[in-house]
Amino acid sequence: MNRREFIASAAVAGAGLLVLPSGVRGGAKAPSNKLNIALIGVWGRGLAHYGSLAEENVVALCDVNEKRFAEALAKFPGAKTYVDWRKCLDQKGLDAVVCCTADHTHAFVSNWALNRNLHVYQEKPLAISVEEARIVRANWMKRKTKLATQVGMQRHAIPNFNRVRELVRDGAVGDLTAAYAWGDRQIRRPGYLPAQGQPPADFHYDLWLGPSPEHPYNPGYFSGGPGANCLQWNMYWDFGAGQIGDMGSHTMDLLWNAVDAALPTTAEAKGEPFNPDVTPVTCESHFDHPANDWRGPIRVSWYQGGAMPASPKPYIDLKKIGHGAMFKGPKGHLICDFDSRILLPFGSDADLTYYKPRAKDAVLPTIDHFQKQWFDACKNPSLKTACDFEYSGNMIEQLLLGLVAYRVGKKLEYDGAAGKVTNCPEANELLSRKYRAGWTLDG
Ligand SMILES: NC(=O)c1ccc[n+]([C@@H]2O[C@H](COP(=O)([O-])OP(=O)(O)OC[C@H]3O[C@@H](n4cnc5c(N)ncnc54)[C@H](O)[C@@H]3O)[C@@H](O)[C@H]2O)c1
């Protein structure tokens, strides 16, 4: 039995399915059952993982900024340090990777890690191009019985997510016809920053750029506080996906969890004039999704940066909900933010007799701890994670396709099985990104 199989079988033992000899402690807490984890991107969002990671073995730390190692090593003494994630992933004995780097490297780290049969916790967004989302999802789908994945949309564990799902699924608005999500963060950037100074000696700017095209160094990209520095670079096309990779990932998740959609058949979008450097602030995108086994076809919409869906009633000001979602059916609307919801039945027959609240024992279970849900699944991959690379890959592919529709200004017909736009050749050119020489997604 190799180390990975041992951890998996011990996790099953912890669930009470195997009887261990007396004196042998099973379950995730046994020292021998700890995962050997590489943390890539140790500061910023990485810091938020220190608490739960301390329950496992962090054996490798990787950051392009060597100044960040002191704090990380104080928490995880003995871990090896790296500035290049490609070298880090080749450390012997790794089981899993937690990746908190800048968005333009996410699909790379995830795909290389999967190629090495490592479990992956990838901070959101999973990818910044349609092609990246498809490649990483497909790679995981081949390995899903052995490897656990999770995208860092940890708000998913807020109980309201499942309360919203139950209301939609059980017909509180009648047969679902449309769902809308929006985010009102507005970060305006004129264009890439001009060259300013030299990177400090212990900051590997070229590795930070990684696969993205060359842009001159400017300390402004790195001037944000811990966990918020992403706002200094994620609006630029070469470093992020703007609002959809930022709060949009969390907010679309609130909608996505309730609609059981995969890939759309169409995408159309409009927004402020195109800027070749910077993703749009104000934009809206709309997608048609086919029927599934519990609902008819639906239209899913995403609004950002001030664009908003129409309110169902003048006395409800949706703009007061900074990041929210709304579900529409013939019997009314359900409006929500991350942790609360309002049901608005309407029409003369909307007496709610058509809706039966769930019995207590049919209420969907709570996720106790989002990061630990992934640890448990790494140890026993038959356990499901809420935001695996299939669920999250579909969600981000849809949103990224919306950005392509915005750029070409046409309604796109999309063949999700092939990953091709069928009515607009110039849109197909925008489904992928061009990488700097020496960088490959499939390493
Ligand atoms: N889930 C959430 O709620 C949440 C919150 C904040 C940020 N995030 C995500 O976390 C990621 C990081 O955001 P941040 O604000 O911490 O950014 P950041 O710029 O502070 O980067 C975090 C750390 O990663 C390092 N890093 C960046 N690129 C690297 C690379 N190629 N290799 C190794 N190390 C690298 C940086 O030096 C830094 O120490 C983003 O993708 C962001 O979307 C998620």
Side-chain angles (χ1 to χ4, degrees), residues 38-50 52 60-73 81-89 97-110 112-113 120-128 132 150-158 183 185 187 199-200 202-212 217-236 238-254 279 323 338 370-371 374 386-387 392 396 399 435-436 439 443:
L39 174 60
I40 303 184
V42 306
W43 186 75
R45 183 62 190 163
L47 298 171
H49 292 277
Y50 280 22
S52 49
L61 297 166
C62 174
D63 205 292
V64 291
N65 186 348
E66 294 183 51
K67 274 201 188 66
R68 303 304 184 200
F69 287 139
E71 191 179 354
L73 282 168
T81 59
Y82 301 84
V83 294
D84 187 333
W85 57 261
R86 296 169 296 188
K87 301 212 166 81
C88 177
L89 289 179
V97 175
V98 173
C99 175
C100 305
T101 60
D103 299 6
H104 60 277
T105 47
H106 286 183
F108 280 75
V109 175
S110 282
W112 284 51
V120 189
Y121 186 104
Q122 176 60 67
E123 267 307 337
K124 52 86 195 163
L126 180 58
I128 66 168
E132 288 179 353
Q150 184 91 299
V151 174
M153 303 185 296
Q154 74 285 349
R155 282 177 168 82
H156 199 103
I158 299 171
R185 186 171 264 174
I187 301 176
D202 47 12
F203 181 68
H204 300 263
Y205 180 64
D206 193 63
L207 286 174
W208 185 84
L209 282 175
S212 286
Y217 174 78
N218 184 305
Y221 292 128
F222 310 103
S223 57
N229 189 57
C230 47
L231 304 181
Q232 304 303 315
W233 44 254
N234 68 9
M235 290 300 290
Y236 301 97
D238 286 338
F239 305 144
Q243 185 53 251
I244 67 168
D246 188 37
M247 281 305 291
S249 288
H250 292 303
T251 319
M252 183 51 79
D253 179 27
L254 180 58
T279 59
H323 304 276
F338 291 122
F370 187 77
Q371 282 86 353
W374 173 72
C387 297
S392 314
I396 202 70
L399 287 171
Y435 301 124
R436 275 204 299 169
W439 289 88

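Order of listing sets the numbers, starting from 1, for every ligand and every atom in it.
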Checklist entry - With atoms numbered from 1 as shown, which atoms in ligand 1 lie under 4.0 angstrom from a non-hydrogen atom of Gly227? => result 6 (C), 7 (C), 15 (O)
Next on the checklist: Apply side-chain contact (heavy atoms from CB on, under 4.5 Å) to residues Phe222 and Asn65 and explain how you reach the verdict.
Outcome noted: CA-CA 10 Å; Phe222 310 103; Asn65 186 348; over 6 Å; no
Checklist entry - How does Phe222 reach ligand 1, if at all, at less than 4.0 Å between non-hydrogen atoms: by side chain, backbone, both, or neither? => result neither
Checklist entry - So, do Arg155 and Phe370 sit near enough that their side-chain heavy atoms are less than 4.5 Å apart? => result no
Checklist entry - Who pairs with Gln150 by side-chain hydrogen bond (donor to acceptor under 3.5 Å, both in side chains), at least two apart in sequence or on another chain? => result Gln373
Next on the checklist: Distance under 4.0 Å to a non-hydrogen atom of Asn65: what atoms of ligand 1 satisfy this?
Outcome noted: 37 (O)
Next on the checklist: Quick test: of every protein heavy atom, which one is nearest to atom 11 (C) of ligand 1, and how far off is it to 0.1 Å?
Outcome noted: Thr101 O, 3.4 Å
Next on the checklist: For Gln232, which part has a heavy atom under 4.0 Å from ligand 1: side chain, backbone, both, or neither?
Outcome noted: neither
Item to check | Nearest protein heavy atom with distance in Å, relative to atom 24 (O) of ligand 1 | outcome: Gly41 CA, 3.3 Å
Checklist entry - Under 4.0 Å from any heavy atom of His106, which atoms of ligand 1 are there? => result 41 (O)
Next on the checklist: Between ligand 1 and Arg68, is the shortest N or O to N or O distance under 3.5 Å?
Outcome noted: no
Next on the checklist: Can you check which of Glu66, Gln122, Lys124 brings a heavy atom nearest to atom 42 (C) of ligand 1?
Outcome noted: Lys124
Checklist entry - Which atoms of ligand 1 have any heavy atom of Gly44 under 4.0 Å away? => result 16 (O)
Next on the checklist: Once you measure the plane-to-plane angle for Phe239 and His104, does it fall in the parallel (<30°), tilted (30-60°) or perpendicular (>60°) bin?
Outcome noted: tilted
Checklist entry - Going by distance only, is there an N or O of Cys230 that falls short of 3.5 Å from an N or O of ligand 1? => result yes
Checklist entry - Would you say Arg155 and ligand 1 have an N/O pair spaced under 3.5 Å apart? => result no
Item to check | Per-atom contacts, ligand 1 versus Trp43 - under 4.0 Å to a heavy atom | outcome: 20 (O), 22 (C), 23 (C), 39 (O)
Item to check | Within-4.5 Å side-chain heavy-atom neighbours: Ile40 and Tyr82 | outcome: no
Checklist entry - When you look at Glu123 and His49, which way does the side-chain contact (heavy atoms from CB on, under 4.5 Å) test go after all the steps? => result CA-CA 11 Å; Glu123 267 307 337; His49 292 277; 2.8 Å; yes
Next on the checklist: I need the nearest protein heavy-atom contact for atom 17 (O) of ligand 1: residue, atom name and distance, please.
Outcome noted: Trp233 CZ2, 3.6 Å
Checklist entry - Do Ile244 and Pro125 have side-chain heavy atoms sitting under 4.5 Å apart? => result no
Checklist outcome for this item: For Trp208, the ligand 1 atoms with a heavy-atom partner under 4.0 Å come out as 27 (C), 28 (N)
Checklist entry - If you count the atoms of ligand 1 from 1 in the order shown, which ones are under 4.0 Å from a heavy atom of His250? => result 1 (N), 2 (C), 3 (O)
Checklist entry - Which residue owns the protein heavy atom closest to atom 19 (O) of ligand 1, what's the atom, and how far is it? => result Asn229 ND2, 2.8 Å
Next on the checklist: Among all protein heavy atoms in this structure, tell me which lies nearest to atom 3 (O) of ligand 1, with the distance rounded to 0.1 Å.
Outcome noted: Gln154 NE2, 2.9 Å
Next on the checklist: Between ligand 1 and Val42, is the shortest N or O to N or O distance under 3.5 Å?
Outcome noted: no
Item to check | salt bridge (charged side-chain N to carboxylate O under 4.0 Å, His left out) pairs, two or more places apart, involving residues 238-247 | outcome: Lys124-Asp246, Arg185-Asp246
Item to check | Nearest non-hydrogen protein atom, atom 12 (C) of ligand 1 | outcome: Cys100 O, 3.2 Å
Item to check | ligand 1-proximal atoms of Pro226, by part, heavy-atom distance under 4.0 Å | outcome: neither
Item to check | Tyr221 and its ring pair (Phe, Tyr, Trp, His ring centres under 6.0 Å) partner, picked from Tyr205, Trp233, Tyr236 | outcome: Tyr236
Checklist entry - Which residue owns the protein heavy atom closest to atom 37 (O) of ligand 1, what's the atom, and how far is it? => result Asp63 OD1, 2.6 Å
Checklist outcome for this item: Residue, atom and distance of the protein heavy atom nearest atom 41 (O) of ligand 1 read Asp103 OD1, 2.5 Å
